[in-house]
Amino acid sequence: MGNVFGPVPSRRLGNSLGINLTPLKTCNYACIYCQLGKTTNFTNQRKEYIKTEEIIKELKYAIENTELPIDYITFIGDGEPTLHSGLGEIIKWIKEQHKEKFKIAVVTNGFLMYDEKVREELKLADLILPSIDAPDEKKFKLINRPIENISYGKIIEGLKIFAKEYTGKIWIEIMLMKEINDSRKDIDKLAEIIGSINPLPERVYINTPVRPPVEKWVKIPSEEAIKYAQSVIPNAYSIAYREDGDFDVSRYTNSLDAILDITEKHPLRYDQAEKIINHFNDEKEKVFQELEKSIKIVEYDGYKYLLKKLKK
Ligand code: SF4
């Protein structure tokens, strides 16, 4: 259980009901900015990491028991969703059961888009959010630290083929980081890569590491760099700010369960946790005492965050 979470407020997707398809942290990248911690299951193997029927069962329950409206059902979570071989089947199930009632989004690093089968499965969704963080091959290796010796050119080519064939929306996400990919030269190169995708992605989100990154030396870029990126990258929008919406806690009976469940899949700020405790009129001190067993508090960029402790 616990592979379907939320709806959580998302800066891009409104109220997003999240689906996690892998154990923590299963990925073909080890990005320097990852907010999930180190990649412990570094793999490019597609398989049924969690039983497809189990995910569908959880999803059914969540849809039937959620009070908040759902803007998107989003594949995102403890790793890279395209690594799950049942991705296409789950999207099909949602579409068959709920027709056009829910929009479906997949947040992906885009690595496997060179694989035709993965492209076919992704085409079933309404919105795909792939990442492009690197201006060139060298920075691709520095920033995303991919598993296999597949060239950056091949990854971009896969995305270009997908864009040509796909009828849904593509929103690219760029993680802009200080002194890593925020020089004018790097931003110009990123703009050139995006500009070569035909048709152009509907949106390009300029993100910054607003939540604690795995590598402590990763820093938020200057306002000037963000503005420059917005001015030269086609269809660029900045999401270099923190989300402020409320978490839907209607499925819980107390703040401890709600906070533990949310932090399983989503970093939670201290002030957001306090809001949840107040919502249930629980005793703050007692709740934090209990939380200490599995949660650590990390300070980053002037904010306190509750992060799940990794199991040893
Ligand atoms: S692709 Fe996503 S999950 Fe994988 S390492 Fe990068 S940020 Fe983390």
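When a ligand or atom number is given, it counts from 1 through the structure's own listing order. Computed from a predicted structure; not experimentally measured.
Within 6.0 Å of NZ on K178 lie no more than 12 heavy atoms contributed by other residues, nucleotides or ligands.
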Identify all side-chain donor-acceptor contacts of residues 222-233 below 3.5 Å with residues at least two apart in sequence or on another chain.
| residue | atom | partner | partner atom | Å |
| --- | --- | --- | --- | --- |
| S222 | OG | A225 | N | 3.1 |
| Y228 | OH | D188 | OD1 | 2.6 |
| Y228 | OH | D188 | OD2 | 3.4 |
| S231 | OG | Y228 | O | 2.7 |

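Electrostatic pairing of E179 and K219 does not count as a salt bridge here, judged by no charged N lying under 4.0 Å from a carboxylate O. Taking a cutoff of 4.0 Å between a charged side-chain nitrogen and a carboxylate oxygen, R269 and D271 qualify as a salt bridge. Taking the charged nitrogens against the carboxylate oxygens, K286 and E290 have no contact shorter than 4.0 Å, which rules out a salt bridge.
A cation-pi contact links R203 to Y237, judged by a cut-off of 6.0 Å to the six-membered ring centre and 45° from its axis.
Take a cut-off of 2.8 Å around atom 8 (Fe) of ligand 1: the protein N, O or S atoms inside it are C34 SG.
Distance screen at 4.0 Å: atom 6 (Fe) of ligand 1 has a protein heavy-atom neighbour inside the cut-off.
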